[in-house]
Every structure is written in C-alpha cells, then in structure tokens.
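Numbers restart at 1 for each chain; the letters A, B, ... are given by sequence-line order, proteins then strands.
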Amino acid sequence: MKYALVFLLSLLLEATLLQTLFRPGFVAPDLLLIVLLARAYLLGRDAILWAIAGGTFLDLMTDTVGLHLTTEVLSVYLFLLLQERLLFRTALTYILPSSFLLLLKKSLAYFIMRAKFSFELSLGTFLFSWAFEVVLLFLLYFLYIRKKE
Amino acid sequence: MTGKRFHLLSWLTVLLGTVLFFSEVSRFSYVRAVVRGVNTIVAPIIKFKEHITFELREELSAYLYFVNTEKENIRLRRKLNSLFLTEKELNACMSELESLSKKLKVPPKFKRLRYSVTRIIYYDPSGFDLFVIIEGGKDKGYREGDLVVTEDHVVGVIEGVLGSTSRVVTPFNEKFSSSAVAGKKLKRYIYRGGYPLGSLLHVNVGDEMSVGDEVYMVDRKGRIPPFMIGKVEKVRRGKDPFFKEVRVKPSVDPRTEEYVFVIRRRY
C-alpha cells in the first residue's frame, strides 16, 4: 500500500512536473524508474509487473504510447538479470548498475524518438538530468533502502 | 514468478511497446479516447503547475525590472553628479573668460544661451519623420523659430506653438530651411530640408565640396553655436550650369531622441 502510493506519486510527478520542465519530455529525470529499480532491488522479479503498469500509465499520461512501456520494462528486466548474478549486495552493486541502466534507458529513448521524430536535444540537459537521477539514487539508497535491508 | 514466465513476459512487453510506438496505434480513435480519459486525471495538475509557473515568471520579471531600475537610478545619479561638476567647471571657465574679456577690454561676443529641456511626445505617423511634437508651448514661452537640438545635432525648428505642445519641423521637412556651412571653407549656404535627403542651395561650381563633409547650422547673428545638420551624401552637377547639386543626409533620427533642448531665439 505504501509502495503503491509512492509509485502513484512518482508517476504523477513524472508526467506533470518533470516531463513538462524538461524538453523533450523523455529526457527528464526518470523518477518512476528510480522507484521501480528500488522495488526490484528489494523484492525481485515481481517488480516487472509494476514496471509494466508504470510504463503503460506513463505512456497514456504523456501520449507516447509504447515508448515508456518498452524502456521501463527493459531497464527493470536488465537490472534484475544483473542483480541475480551479483553475489554481494552493497551500495555499489545497487548504484552502479542503476546509474548505467538509467543512462541506457535515456539513450534508448533518445534513439527510439529519433527514429520517428526530428528534434533538438542539448547534451547539457541530457547529462544534467542523468546526474540528477544519480543523486536521487544515492539519496534513496542511503535514506531508505539501506535501512530496509 | 518463474524463470520462463518472467523472461517471456519481459520480452513480450518490450516487443509490444516497440510495436505500439512505431505502429502509431495512439492515433486510432478508441486508443485516443483512452489517452484522453487518462489525461483528464493529470490535466488539473498540469494546469495548476502552469498557473504557478506563470505567476512565478511574472513575479520574477517584476523583480528583475525593479533591480534594473535601481541600477539605472544609481547610474543616472552618478552621471548627474558628474554633470553638476562639469557645470561648475564650465561656470568657472565662463567667469574667467568674462574677467579676461574685461581685462583685455574686449566685449564678450556671445551671451549665455537661454534654453530649456523638454521631451518629444509624438512622432510623425507617416514614417517620414517630417515633424515631432514636443512638450511645452505657450505655457513655457516657446515661440515659432526656436531651435530644437540634442547635444550636437539639430532636431528641428518650432513651427507652431499651441497651449502646452509645440510642433517642430525636422531637417527632413521641406519647410525647414536654415543658414548652413559645409566643407573646408566657412562659406554660408542655405540648407533646405527634404526626405530622405535635404539639399544645400547655391553651391557654386568652383566651391570645394565632397561626400562626407559635415554640414552645420549657423546662426546669422553668431549667438547660437553651430549644430550639425548632417553630412553631404551626393555632389553632382546641377541643372543650372553655375551651381552644384549637393544632397545632405540629416544626422538626426527623431525616433531615437527623447529629451531635447529648446534654444530661444529671443533674449
């Protein structure tokens, strides 16, 4: 129940605030994916269902049917595969793969959008958004996940 | 979730997402209706956010405006102080000059100009800048023929005086004519206004005149210092075999001026 609320809140924040502050929208810090990765780290494979729901709703809210579904599910799936192969659970085994996957998700979204639309993207905005996500990852890990483990 | 089901579900979802995105399925009417339905949930939040953003932007621009005004005030205050200083220096020079004139028993040739500062309140709507309207008229004691200048350029001559405004004809106006000097020799000519170029009348064929020469308005009685009218733009042989046709581009742009000096002809 608690997670459902956080999930809903991050979904709304992502669709209303972040994706309108950053242009183009897909380059915005992916709060939803960060929440999903935390879920995947703590509870494992069930998180893929949350990713499917999150991606679908985000697509419907931002009118990009299919884009977020693909990228969110793929990111959570790859994260779970990586996590299952790692022997230790430390800050690094959470933050490093998560940071890499957030960057991968952003790049993938960029290439998918590029294949269909023509737009301008500033590298500075892209990197700033990613750096912001990494900071959020750190905060989430040290303020929440570490206490839960 | 078992291994096989997990992998299958993940890949199928990724595949489905990709197909949905590239197949433009969102353009179908029934999908559009679903999207619109979900959007109604977020629409009030987006509107609220837009409202907050708009308000913030307004407040920020007002704040920046006040900051800029404050800076401009400081700059102007400094400039005013330096001008006061210059005025004092000028007064000292004038008194020194007067005392020198007295000692040398040379009567001072010039009198102090009587002028007032005013501002332009209306421009010629035709775009030809043939006239401007300045603040002040009979109430300030302006008269027809008073000269309107900036620091060094002629803006025009007062043509009509009303109760609290005056109409000034600019050097672009054909009604504007004045005594003027140009070129290396200080020979006097008549400048007649015109748009876009005015002209110098009665320039003899033998007079030296070249493009770029500055044309100054001169007072017949020598009481008003020379103010620039413009620069010679074209010099060619005129229809009359004895005179050159000299065209002058007025240097003033009335639309860029705001505050001007009105120099009184009468003392």
Side-chain angles (χ1 to χ4, degrees), chain A residues 8-21 25-26 36 40 43-81 83-84 104-105 108-109 111-117, chain B residues 1-69 71:
Chain A
L8 206 64
L9 194 71
S10 60
L11 195 63
L12 283 174
L13 265 178
E14 181 69 29
T16 57
L17 187 72
L18 294 171
Q19 292 221 3
T20 46
L21 279 179
F26 70 85
L36 285 172
L43 296 176
R45 289 185 170 184
D46 285 346
I48 205 80
L49 297 172
W50 287 96
I52 294 171
T56 310
F57 277 112
L58 195 56
D59 275 340
L60 290 173
M61 282 175 178
T62 56
D63 203 359
T64 49
V65 177
L67 176 73
H68 291 104
L69 182 65
T70 307
T71 52
E72 307 279 328
V73 172
L74 189 65
S75 306
V76 174
Y77 173 69
L78 290 176
F79 180 79
L80 284 166
L81 288 187
Q83 281 300 316
E84 285 167 6
L104 186 78
K105 182 254 161 186
L108 188 67
F111 286 116
I112 291 177
M113 289 295 275
R114 196 83 191 162
K116 205 169 166 185
F117 305 108
Chain B
M1 202 179 281
T2 59
K4 220 174 190 179
R5 200 183 289 169
F6 166 69
H7 293 295
L8 196 67
L9 181 68
S10 303
W11 282 114
L12 279 178
T13 313
V14 170
L15 196 68
L16 177 71
T18 316
V19 171
L20 284 176
F21 183 75
F22 284 105
S23 62
E24 306 264 346
V25 76
S26 63
R27 286 174 191 255
F28 295 156
S29 57
Y30 48 88
V31 180
R32 208 72 250 135
V34 176
V35 170
R36 220 170 282 140
V38 177
N39 277 345
T40 51
I41 303 168
V42 286
I45 305 170
I46 290 177
K47 266 186 193 162
F48 178 69
K49 196 218 79 183
E50 289 295 330
H51 175 70
I52 296 284
T53 313
F54 176 75
E55 289 288 325
L56 267 176
R57 200 169 289 150
E58 288 285 303
E59 292 290 327
L60 193 68
S61 61
Y63 170 75
L64 288 175
Y65 174 75
F66 284 125
V67 168
N68 287 340
T69 312
K71 278 182 189 167

Side chain, backbone, both or neither: which part of A:L12 has a non-hydrogen atom closer than 4.5 Å to chain B?
->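 Contact with chain B involves the side chain of A:L12 alone.
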>> For A:L80, which atoms come within 4.5 Å of any heavy atom of chain B: side chain, backbone, both, or neither?
In response: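 When you check distances to chain B, only side chain atoms of A:L80 fall under 4.5 Å.
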Exercise. Compare every heavy atom of B:F21 with every heavy atom of A:K116, then report the nearest pair and how far apart it is.
Key: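 For A:K116 versus B:F21, the nearest heavy atoms are NZ-O, 2.6 Å.
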Which atoms form the tightest heavy-atom contact between A:A115 and B:F22, and what is the distance?
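Nearest pair, atom of A:A115 first, then B:F22: CB-CE2, 3.9 Å.
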- Item | Within 6.0 Å of CZ in A:F117, more than 12 heavy atoms from elsewhere |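 Atom CZ in A:F117 is crowded, with more than 12 foreign heavy atoms closer than 6.0 Å.
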Interface residue of largest heavy-atom contact number with chain B, from A:V73, A:T56, A:T64, A:T71, under 4.5 Å =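 Top option by heavy-atom pairs under 4.5 Å: A:V73.
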For a 4.5 angstrom cut-off between non-hydrogen side-chain atoms, does A:L74 reach B:W11?
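Heavy-atom side-chain distance check passes, below 4.5 Å.
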Stepwise side-chain contact (heavy atoms from CB on, under 4.5 Å) check, B:T18 with A:I112: CA-CA 9 Å; B:T18 316; A:I112 291 177; 5.7 Å; no
Exercise for the section: Check step by step if side-chain contact (heavy atoms from CB on, under 4.5 Å) holds for B:L20 and A:D59. Expected result: CA-CA 11 Å; B:L20 284 176; A:D59 275 340; over 6 Å; no
Query - Residue of the set B:V14, B:V19, B:T13 for which side-chain contact (heavy atoms from CB on, under 4.5 Å) holds with A:T70 - result: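 Output: one option passes, namely B:V14.
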